[in-house]
Amino acid sequence: MAEPQVTLAKVYSPQEVERKWYQYWESRGLFHARVDPTKKPYTIVIPPPNITGVLHMGHILNNSLQDAFIRYKRMKGYEACWIPGTDHAGIATQNVVEKALMKEGKTRHDLGRDKFIERVWEWKKQYGGVIIKQLRTLGCSCDWERERFTMDESLSNAVKEVFVRMFDDGLIYRGKYIVNWCPKDHTAISDDEVNYTLQEGKLYYIAYPIAGSSEVAVVATTRPETMFGDVAVAVNPSDERYQHLIGKTVTLPLAMKPIPIIADEYVDQAFGTGMVKITPAHDPNDFWIGQRHNLPQVNVMDVSARMNENVPPPYQGLDRYEARKGALADLETQGLLVKVEDHTNNIGRCYRCDTVIEPYLSDQWFVRMKPLAEPALNVVLDGTITFYPDRWVKVYEHWMRNVRDWCISRQLWWGHRIPVYYAADGRFTAARSEDEARTKLGLQPSDPLRQDEDVLDTWFSSWLWPFSVHDWPQHEKLGKAADLAYFYPTDTLVTAPEIIFFWVARMIMAGLRFAPSFTHTDDPHKNIPFRDVYFTSIVRDARGRKMSKSLGNSPEPLDLIAEYGADAVRFTILYLAPLGQDIIYAKEKNEIGRNFANKIWNAGRFLLMNRDQIGEAEKRGEFNTDHLDLADRWILSRFHSTALDVDRAMQTYEINKVTKVLYDFIWHDYCDWYVEMIKSRLYGDEPLEVKRAVVARALDIFDASLRLLHPIMPFITEELWQHIRPRQPGASIMRAEMAEPDPSFITKQVEDEMTFVQNVIESVRTIRGEMSISPSKEISLIMKLSDGRESESIRKYNGYLQRLAKVRSLSFITGQSRPKRAATAVVQGEELFVPLEGLIDIEVEKARLHKEIDRVAGLLKSVQAKLANPQFVDKAPKDVVEKEREKLQTFTQTLEKLQRNYAALA
RNA sequence: GGACGCUUAGCUCAGUUGGUUGAGAGCGUCGCCCUUACAAGGCGAAGGUCGUAGGUUCGACUCCUACAGCGUCCACCA
């Protein structure tokens, strides 16, 4: 043979193979997608990871999924485009850099805004975006030429454009918002920067006199010092004790102000007295109640949490705890402090300085959500966008119907600065540039102009991601109009369910609102940002806890890849990831993937060895039907049925089913049965021509199986695909055509025939196992066939029996005679005898048969009972009843034969 | 407290519009094997009253109700 002898190592070692092929793919531009009108596009935009983040198991899952989808579609003939990128992550990034500064003994204020931002950019250049780089190790086929960052100039332009448009349309407004305020640092901090700890405190019951009545309203509070900001007392509308008080007025003690008694569902009748003081300026819940009832907001503290001019003079200037003491003392004197209870409450503290957080009102910018939410809800309810799994629709709907306005301003420096400009007289407007602002405000170039100090919430840039990656709104100027038209909308979004509101919902809103400006249509199908949303599983540890950096319970993904190989890690996580269920993950599970890779590797070695020794026929392809025997027909049937299952499961995103189907086919059908069966032909005395056809077909099926598996395990499939047959220079399996299933190859008759042969082999093996007969010892098999079956129909499989069950001689008997001292079995009504002179232990065989008789007798009994039930025979469908009748017959016959053989043993 | 999800072999999970006593796999366990692709392997075996209690049905792992345990998200309690 002219073919070179290829020797593969006995054990697959992924490291070098993976490095080699990734470089091969990337250097040849195989990941790059371009506009191609002859092909359908298939697009995914990556959920941009934080530039401060490091790769964790969630990313491994998420990106293995995306890569599998992208590679699959690419091989199915789509122009598959996976756009990578990173998120600037305002708070997280600013914190990282501030921490670094702290080591130098500096704060950001020492540097000033511009210098500080420069520092962040430097940091980003040096350390940022590690995750995106690590994705290469995993084998991700991202179109790196299209990589974007949410603070890129073009994406910042998109942010500005959207802000200005929404401002002009009245969808963005300035208002008061209650934030977590640190009175020491004088800054607002986000919810997840607040550390909550349980603390022993007191619950104070205070009487508020009711105007024009001798009654008092007793409220319970943990924070009496905020009472100066009280604007109402609330009760539950269905609380019968207080019906008569709703609408009355109470006098706020100490401040001596009249405030109303209102009714709100929020109030818990069982807590305290069932009456709550409402302080919108100093409690988040009260803030929302205040919004609902249009109550005023009375701020009683300054930025350091000292009492301000809105409290009576004696308290002014006191800090909140002094004010609490003072107020309690005064209430006590006036007899208004009814009682004090011990109470444990959850106190929020600043993550930096541990100061107790003060809920505090401040000026913030908001997006009006109602007008955006309605169309975004509709496209999910009417199926324009599909969620997988669909139960998230309900969660989405609930949130969208109760949506609150979105506070988009952040008191940070790192981020998109709010494009609002103020004139000296306080008038303001939103604009894309200072010039535009001056024009809008009617100012001269020399007039002073001040830009808002705050930056935008990070999500305000990521919600535009599906189209801002194509440089909207400057796509035309930058030559990206065709890309935007071709690759938008994207097809599949793969993301974690935690960010369904932060990100998924808002992208839908942004798409429906802004895409019409480039799709030039109102058709929601064209404007939505994606068609399908795949919500990933949560990866948990052995104790069921979510894997996270802070718990330290997550294996280091790069270590896993180094130890098991990227293919193994990918396969394992996808094998473990049922759609919508959590994954219990442990490092050792990667043995599933590693062992599977090794199995495939060795199947490849076997084929190469035979190709080199025997050669292969010219005729190739997974539809080749030359010199077929049972094993061939069967593996073709199994292959096409597997390919069909893969297609179906891919369509419904059941990726774990895809992996399972491929695993079972390759390992059990192809390796365990098919390869073992063709050995009997390859090493038998058939003509060389036939042997070569067998080799060709074995390679055909393997080649096609590698292609089916490639989206899951890209590296090893490429390595073997390149080895098993000569390829064009620069060719790659990732651009090869996916194997297409042909249902005409799927034949039940062949599978049934195969099942019979397998059952015979398995029965002989079981006998060998039970009798502890060494695998190297050959045995004889005698069969007694039922009337309908010719001995030739068995004899033609002699080769299989020899190789797979170590049967030396196969013979047949008729009539009443039966071999003495033989182990027996009944397969589909046919009797097997394995004479074991000297080897057989009669007692073992008796026990074995007895067990089998019991089992079959049990089955028979239940079938009999079922058929004896007239209700069943009457009401059950005909085919079900027919099936039971067939069972009755087989079980009866089998039982008779087993019993006769049992009797013959004694 | 509200919404949702899960509960099948020792462990991790499959189980496709209800057909049962013909409930599968991997790991682990036990037995026999270094058989010329693979010991990261091959062959065989043991192991399950499908969370509990009811209900619907000729028939329930599969549908309904309640309960228990676990988990997620939301609201988190003045």
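As a basis for the values below, the full set of heavy atoms in this structure was taken, side chains included, without hydrogen atoms, waters or symmetry mates. Naming convention: chains lettered A, B, ... in sequence-line order (proteins, then strands); numbering from 1 in each chain.
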Can you identify which nucleotide, out of [options], has its nearest atom closest to the [X] side chain?
X	options	answer
A:Phe872	B:rA37, B:rG44, B:rU20	B:rU20
A:Val276	B:rG19, B:rA78, B:rG44	B:rA78
A:Ala876	B:rG19, B:rA45, B:rC43	B:rG19
A:Glu762	B:rA78, B:rG44, B:rU12	B:rG44

side-chain N/O [X] vs [N] OP1/OP2, d < 4.0 Å:
X	N	answer
A:Lys679	B:rA37	yes
A:His668	B:rC43	no
A:Lys866	B:rG59	no
A:Asn602	B:rA40	no
A:Thr279	B:rA78	no
A:Asn595	B:rG41	yes
A:Lys657	B:rG15	no
A:Lys394	B:rG2	no

Query raised in the report: When the nearest nucleotide of RNA chain B is assigned to A:Lys875 and to A:Glu591 on a heavy-atom basis, which residue is associated with the more 5' position?
Result: A:Glu591
Grab the [atom1]-[atom2] distance between [X] and [N] for me, whole Å please.
X	N	atom1	atom2	result
A:Leu720	B:rA37	CG	P	16 Å
A:Met677	B:rG42	CE	P	17 Å
A:Arg391	B:rU72	CZ	P	13 Å
A:Asn598	B:rG41	CG	P	7 Å
A:Tyr266	B:rA78	OH	C1'	6 Å
A:Phe501	B:rA75	CZ	P	9 Å
A:Lys660	B:rA25	NZ	P	12 Å
A:Arg223	B:rC77	CZ	P	12 Å

Any base atoms under 4.0 Å from [X], or only sugar-phosphate, or nothing? Heavy atoms, all strands.
X	answer
A:Asp874	nothing
A:Lys887	base
A:Asn285	sugar-phosphate
A:Glu588	nothing
A:Pro877	base
A:Trp667	sugar-phosphate
A:Arg594	base
A:Val11	base
A:Val675	base
A:Glu498	nothing

**Report entry** A:Tyr208-A:Asp230 side chain donor-acceptor pair, cut-off 3.5 Å
**Finding:**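 Judged by distance alone, the side chains do pair up.
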Query raised in the report: Between the side chains of A:Tyr674 and A:Asp669, is a donor N or O closer than 3.5 angstrom to an acceptor N or O?
Result: no
Query raised in the report: When only distance counts, do a donor and an acceptor, one from the side chain of A:Glu654 and one from the base of B:rA14, lie under 3.5 Å apart?
Result: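 Side chain to base: no pair present.
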Query raised in the report: Side-chain donor or acceptor of A:Lys599 under 3.5 Å from a matching atom on the base of B:rC38?
Result: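 Indeed, a donor on one side and an acceptor on the other fall under 3.5 Å apart.
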Report task. Check A:Asp286, A:Thr279, A:Val231 against A:Leu295 for a side-chain contact (heavy atoms from CB on, under 4.5 Å) and give me the one that passes. Result ->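 So, applying the side-chain contact (heavy atoms from CB on, under 4.5 Å) to A:Leu295 and each of A:Asp286, A:Thr279, A:Val231, only A:Val231 qualifies.
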Query raised in the report: So do A:Glu845 and A:Thr824 actually touch side chain to side chain, heavy atoms under 4.5 Å?
Result: yes
Requested in this report: Report the secondary structure of RNA chain B in dot-bracket form, marking unpaired bases with a dot and bases paired to a different strand with |, and treating Watson-Crick or G-U pairs with both distances under 3.5 Å as paired.
Outcome: (((((((..((((.....[....)))).(((((.......))))).....(((((..]....))))))))))))....
Query raised in the report: Counting N and O atoms only, with roles assigned by atom type, does the side chain of A:Asn598 sit under 3.5 Å from a partner on the main chain of A:Val11, one being a donor and the other an acceptor?
Result: no
Requested in this report: Using atom types as modelled and distance alone, determine if a side-chain donor or acceptor of A:Asn602 lies under 3.5 Å from a backbone N or O of A:Arg605.
Outcome: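 Absent.
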For atom [atom1], what is the distance between [N] and [M], given to the nearest Å?
N	M	atom1	answer
B:rU8	B:rG69	C1'	16 Å
B:rG15	B:rU72	P	23 Å
B:rG41	B:rU36	C1'	14 Å
B:rA60	B:rU52	P	15 Å
B:rU62	B:rU56	P	15 Å
B:rU17	B:rC64	P	15 Å
B:rC61	B:rA23	P	12 Å
B:rC33	B:rC70	C1'	43 Å

Cut-off 3.5 Å, no hydrogens considered: what does the side-chain donor-acceptor table look like for residues 563-572 of chain A, sequence neighbours left out?
unit_1	atom_1	unit_2	atom_2	d
A:Glu563	OE1	A:Lys587	NZ	3.0
A:Glu563	OE2	A:Lys587	NZ	3.4
A:Asp567	OD1	A:Phe715	N	3.1
A:Asp567	OD2	A:Phe715	N	3.4
A:Asp567	OD2	A:Ile716	N	2.7
A:Arg570	NE	A:Ile712	O	3.0
A:Arg570	NH1	A:Asp67	OD2	2.8
A:Arg570	NH1	A:Leu138	O	3.0
A:Arg570	NH2	A:Asp67	OD2	2.9
A:Arg570	NH2	A:Pro711	O	2.9
A:Thr572	OG1	A:Ala568	O	2.6
A:Thr572	OG1	A:Gly593	N	3.2

Query raised in the report: Cation-pi between A:Arg638 and A:Trp667: NZ/CZ under 6.0 Å from ring centre and within 45° of the ring axis?
Result: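 Not flagged: A:Arg638 not positioned over aromatic ring of A:Trp667.
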Query raised in the report: So, A:Tyr388 versus A:Tyr534, ring centres under 6.0 angstrom or not?
Result: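 Here the rings of A:Tyr534 and A:Tyr388 have centres that are no less than 6.0 Å from each other.
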Query raised in the report: Do A:Phe387 and A:Trp392 pass the ring-ring contact (aromatic ring centres under 6.0 Å, His included) test, and can you show the C-alpha distance, the side-chain angles, and the key distance before you say yes or no?
Result: CA-CA 7 Å; A:Phe387 285 180; A:Trp392 290 105; 8.6 Å; no
Query raised in the report: side-chain hydrogen bond (donor to acceptor under 3.5 Å, both in side chains) with A:Thr226: which of A:Arg320, A:Glu358, A:His282, A:Lys277?
Result: A:Lys277
